[in-house]
Amino acid sequence: MPEGPSIVILRELTEQFEGKKVLNALGNAKIDINRMQGLKLISCRSWGKHFLLVFNGFFVRVHFLMFGTYRINERKDAPPRLALEFSNGELNFYTCSVKLIDGNVNDVYDWEKDVMADEWNPKKAETELMKTKTTKVCDALLNQEIFAGVGNIIKNEVLWRICVHPESHVTALPAKKLKEMIRDARDYSFLFYAWKKEYVLKKNWKIYKKGECPRCEIKTIRTWLGINERLTCYCPNCQLLYLNPESKVKSAVKKKAKAVKKVKRTTKTASL
DNA sequence: ATTCATGTTGTGAT
DNA sequence: TATCACAACATGAA
C-alpha cells in the first residue's frame with residue numbers, strides 16, 4: 001500500500017466523496033472523530049505517502065505506514081481505525097496512523113516536494129541534494145523532505161534504472177547523473193502508478209527482490225543498507241559506485257576485494 | 001509455521 | 001541540546 005503512487009490511486013478512488021457530508025464518523029483512532037460528524041468533506045488530497053481528508057479549518061492525515069489498508073464501499077472483518085459514512089457510500093481505514101491537524105493543508109505541505117504532484121520542482125530537489133555531505137543515494141531517495149512519495153521499491157528500481165550503486169554519495173554523482181536520478185524518481189513513480197492500476201506492478205520489477213540483473217544476467221546483491229537498513233537489491237556489475245574524494249581510500253580497498261571476484265562487465269542493453 | 005517487509009514516530013539513553 | 005538506537009505499531013505474503 002504505502003508508496004506515493006498508491007496514495008494517488010486512493011485519492012482518485014475517493015473523489016466520489018468530495019463535497020459530501022459526513023453522515024457518521026467512527027473508529028479507534030486517537031483523535032476527536034466527532035469533529036468530522038455532519039461536516040462537508042471539502043476535498044481528498046495526497047502529499048507523498050500522506051492521504052488527506054480536508055475539512056473547513058482542519059484536515060485529517062492518514063498514513064498507512066507498512067501495513068495500513070483501506071476499503072471503499074465495503075468492510076474488512078477488523079475494527080476500523082477510521083470509518084466515514086456518506087450518502088453515496090463509505091470510506092474505511094485500517095491499521096494506519098491517523099492525525100487531525102488544525103489549519104490549512106497549503107500551510108503544512110510543500111507540494112513542490114511531492115514527486116507525483118503537478119507542482120513537483122526538480123530544481124528544489126537538486127538544491128537540497130547539493131547541500132548534503134556524506135548522504136548516500138539510498139537514503140536520499142527515501143528522504144520525504146526531498147522526494148515525498150518515494151518508497152523502498154521505487155528507490156531500488158530507480159537506482160537500477162540509472163545504473164547507480166545504492167551506497168554512492170549524492171555529491172559524488174556527476175551533475176548529469178544527479179539530474180537523471182531526480183528525473184527518474186518522478187518518471188518511475190508514474191510507471192509504478194500505471195502498473196499498480198493494471199495489477200502488473202510486481203511483474204515489472206527489474207531488481208527489487210529479483211535474483212538476477214536483467215541487464216548483466218548475473219546474481220544480484222540482496223542486503224540492508226542506509227540509515228534505516230532497508231532492503232536493498234542491486235547489481236554489483238552495472239550499478240556504479242560514486243564516492244566522495246574523502247572516501248577514495250575506502251573505495252580502493254573495496255575495488256581490490258571486488259577485483260578478486262572478477263566480474264565480467266557486459267554492455268548495457270536495456271534502454272528503459 | 002515462521003519470517004520478514006511498499007514506514008514512521010516516539011522514547012529514553014548517551 | 002542533539003543525536004542515536006531501538007521499540008512500537010500490526011498484516012499478510014512467501
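So you know, we letter chains A, B, ... as the sequences are listed, proteins then strands, and number each from 1. The figures here come from the full heavy-atom set of this structure, side chains too, leaving out hydrogens, waters and symmetry mates.
With sequence neighbours excluded, the residues satisfying side-chain contact (heavy atoms from CB on, under 4.5 Å) with K179(A) are K123(A), E126(A).
F147(A) places its CZ atom 18 Å from the C1' atom of dG7(B), with the value rounded to the nearest Å. In this structure, CZ of F51(A) is placed 19 Å from C1' of dT8(B), rounded to the nearest angstrom. The CZ-C1' distance, from F64(A) to dC9(C), rounds to 15 Å in whole Å. The distance between atom NZ of K99(A) and atom P of dC9(C), rounded to the nearest whole Å, is 17 Å. Protein atom CD1 of I153(A) is 14 Å distant from nucleotide atom C1' of dC4(B), rounded to whole Å. In this structure, the CG atom of N152(A) is 10 Å from the P atom of dT8(B), given to the nearest Å. L65(A) places its CG atom 8 Å from the P atom of dT9(B), with the value rounded to the nearest Å. A straight line from CZ of R81(A) to C1' of dG7(B) spans 14 Å, rounded to a whole angstrom.
The salt bridge (Lys or Arg N to Asp or Glu O under 4.0 Å) pairs that include a residue from residues 38-54 of chain A number zero, where partners must be two or more places apart or lie in different chains. Contacts classified as salt bridge (Lys or Arg N to Asp or Glu O under 4.0 Å) and involving residues 10-32 of chain A (residues at least two apart or in different chains) are given here: E12(A)-K197(A).
Close to dT9(B), at under 4.0 Å from its OP1 or OP2, lies no side-chain N or O of K49(A). Contact between the side-chain N/O atoms of Q144(A) and the OP1/OP2 oxygens of dT8(B) is found at a separation under 4.0 Å.
Here the options are F93(A), Y70(A), F64(A), the test is ring-ring contact (aromatic ring centres under 6.0 Å, His included), and the partner is F51(A); only F93(A) passes.
K155(A) comes within 4.0 angstrom of nothing in the nucleic acid, heavy atoms only.
Taking the centre and axis of the six-membered ring of W47(A), the NZ or CZ atom of R61(A) falls outside the cone set by 45° and 6.0 Å.
Nearest-nucleotide positions on DNA chain B place K209(A) closer to the 5' end than the other of K209(A) and R61(A). The nearest heavy atom of DNA chain B to H50(A) and to W205(A) marks one nucleotide each, and the one closer to the 5' end goes with W205(A).
Nearest to the side-chain atoms of K76(A) among the listed nucleotides dG12(C), dG7(B), dG10(B) stands dG12(C). Residue H63(A) has its side chain nearest to dG7(B) when only dG10(B), dG7(B), dT11(C) are considered. The side chain of K202(A) lies closest to dA13(C), out of dG10(B), dG7(B), dA13(C).
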Identify all pairs in which a protein N or O lies below 3.5 Å from an N or O of nucleotides 11-14 of chain B, and state each distance.
none

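The pair E180(A)-K177(A) counts as a salt bridge, with a side-chain nitrogen and a carboxylate oxygen less than 4.0 angstrom apart. With salt bridges taken as basic N to acidic carboxylate O contacts below 4.0 Å, none links K206(A) and E157(A).
For the pair R71(A) (side chain) and K76(A) (backbone), a donor-acceptor distance under 3.5 Å is absent.
Between the side chains of W111(A) and N106(A), at least one donor N or O lies within less than 3.5 Å of an accepting N or O. Between the side chains of N244(A) and T134(A), no donor-acceptor pair is found at a separation under 3.5 Å.
Annotation: proximity of residues 222-233 of chain A to DNA chain B (heavy atom, distance under 4.0 Å) is found for R222(A), W224(A), R230(A), L231(A), numbered in ascending order.
What you find for S87(A) and L23(A) is that their closest heavy atoms are N-CD1, 3.5 Å.
By the 6.0 Å contact criterion, CD on E74(A) is enclosed, its count of non-hydrogen atoms from other residues, nucleotides or ligands being greater than 12.
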Handout entry: Bracket string, DNA chain C, 5' to 3' - pairs by Watson-Crick or G-U geometry under 3.5 Å, | interstrand
Key = .||||||||.||||
